[in-house]
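In what follows, a structure is listed as structure tokens, so that the remarks can point back to it.
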Amino acid sequence: MENMDEIRKHYGFGIQDEENLKELAQLLIPYSNDLAEEFYNFLLGNPYSASFFKTEEAIKKRKDTIISWFKDLLTSSYNNPYLVRLQRIGQVHVRIGLKGHYVNAAMNFIRTFCVRQLVISALANEERKSELLETLNKAIDLNLDILTSSYREAELKKVFLSYKFESVMIQWSERFIHGLNLLLMIGLLVMAVGVVSLLGTDVYYAITEDLQNGVIKALGSLLILWMMLELLHTQVDVLRGGKLHIRIFIELALVAFIRKLFVASVEAKDPVSFSLLIGATVILGIVFYLVAKSESWEK
């Protein structure tokens, strides 16, 4: 936050205003007790602000603090130590959970009280009254600015910590997901090697023992190998930031059922089980068609 000299400059609070404050102090400080009493009644008029004053000790402390601050408003040197005192008051308000809206409303009440006392004062010179009123408004606005800055800083700190935490979580989550994708890629490579071994075994079986069954099994293994290649291509796209398509998993299930049909066609299989395999394959084919068509519409 700016120092007091900069804040004074922004509000045009100069040496003449300091002199005006001295006269305002003579006119307004005698009404300090009246201000404290009316201010307390003002606070009790709202259930929220009244909830902070449940004991006689809290009421007395509130009256004493408002009188003390009111005297500081009119008699203090507007320097950096005064700035620090106001910041501490604002921090106390934040700590006890007082909403910033009520600080602004309270300051408006105090402004209205002071203006009313100036209007009924014995000061006959209207031009002088106007000058004093201008200084009073500067002083109250300056004090309010510093008090509410504590709320702004508290909110910014909360947002900053939340943003920092979320950024760290997102960063580590992205790294974790990327690591899992790498592990998945390694797993797919290992499985692809296994499928190649299975294909080799089927070819060897076809050559050495049963050509018909061996060829059919080898065709099934070729389908699975082709599916593994599709999965590897998809995973590479995902690692490069591409989109994962659900169609690839339906293809994998479809290929697995087609391979089962190949194998079942040469093995002793009861008609019911074979019919179920055919029905499941047809259903998967329809689902695959619908998903592929849906993805083509999205493009």
Side-chain angles (χ1 to χ4, degrees), residues 160-299:
F160 174 75
L161 290 176
S162 174
Y163 174 77
K164 187 176 181 181
F165 176 75
E166 289 173 3
S167 298
V168 171
M169 287 296 295
I170 291 172
Q171 183 181 10
W172 280 102
S173 297
E174 289 176 344
R175 291 180 180 178
F176 181 69
I177 292 171
H178 187 71
L180 290 179
N181 280 320
L182 287 175
L183 286 175
L184 181 57
M185 172 65 80
I186 294 170
L188 288 173
L189 289 171
V190 172
M191 289 182 66
V193 172
V195 173
V196 171
S197 301
L198 178 62
L199 177 61
T201 302
D202 291 338
V203 171
Y204 179 77
Y205 177 78
I207 294 173
T208 59
E209 296 189 27
D210 188 340
L211 180 62
Q212 182 181 0
N213 288 343
V215 169
I216 291 175
K217 288 182 177 180
L219 285 174
S221 298
L222 277 174
L223 282 173
I224 294 177
L225 181 59
W226 171 74
M227 199 62 238
M228 292 302 303
L229 291 174
E230 286 293 313
L231 284 171
L232 285 168
H233 280 302
T234 301
Q235 188 60 21
V236 169
D237 287 340
V238 170
L239 288 172
R240 289 175 175 172
K243 184 180 179 182
L244 181 64
H245 298 282
I246 192 173
R247 174 175 53 85
I248 196 73
F249 298 102
I250 301 174
E251 286 180 357
L252 181 60
L254 188 58
V255 167
F257 271 89
I258 292 173
R259 183 178 183 276
K260 279 184 174 291
L261 282 174
F262 282 161
V263 175
S265 65
V266 295
E267 292 179 348
K269 204 80 173 177
D270 64 277
V272 176
S273 298
F274 195 75
S275 299
L276 289 174
L277 279 174
I278 293 175
T281 304
V282 171
I283 292 172
L284 279 172
I286 294 172
V287 172
F288 174 76
Y289 170 77
L290 293 174
V291 170
K293 195 165 186 178
S294 174
E295 290 182 354
S296 65
W297 285 343
E298 289 178 0
K299 294 178 181 179

Rounded distance (nearest 0.5 Å) linking atom [atom1] of [X] with atom [atom2] of [Y]:
| X | Y | atom1 | atom2 | answer |
| --- | --- | --- | --- | --- |
| Leu232 | Met191 | CG | CE | 10.0 Å |
| Leu222 | Leu198 | CG | CG | 10.0 Å |
| Leu184 | Ile177 | CG | CD1 | 13.0 Å |

> Which atom names give the shortest non-hydrogen contact between Val203 and Ala218, and what distance separates them?
Replying inline: CG2-CB, 4.3 Å

> If you take all heavy atoms of Leu188 and Met228, which pair is closest and at what distance?
Replying inline: O-CE, 3.5 Å

>> Please identify which of these residues, Leu284, Ile283, Val282, meets the side chain to side chain contact (heavy atoms under 4.5 Å, CB included) condition with Ile286.
In response: Val282

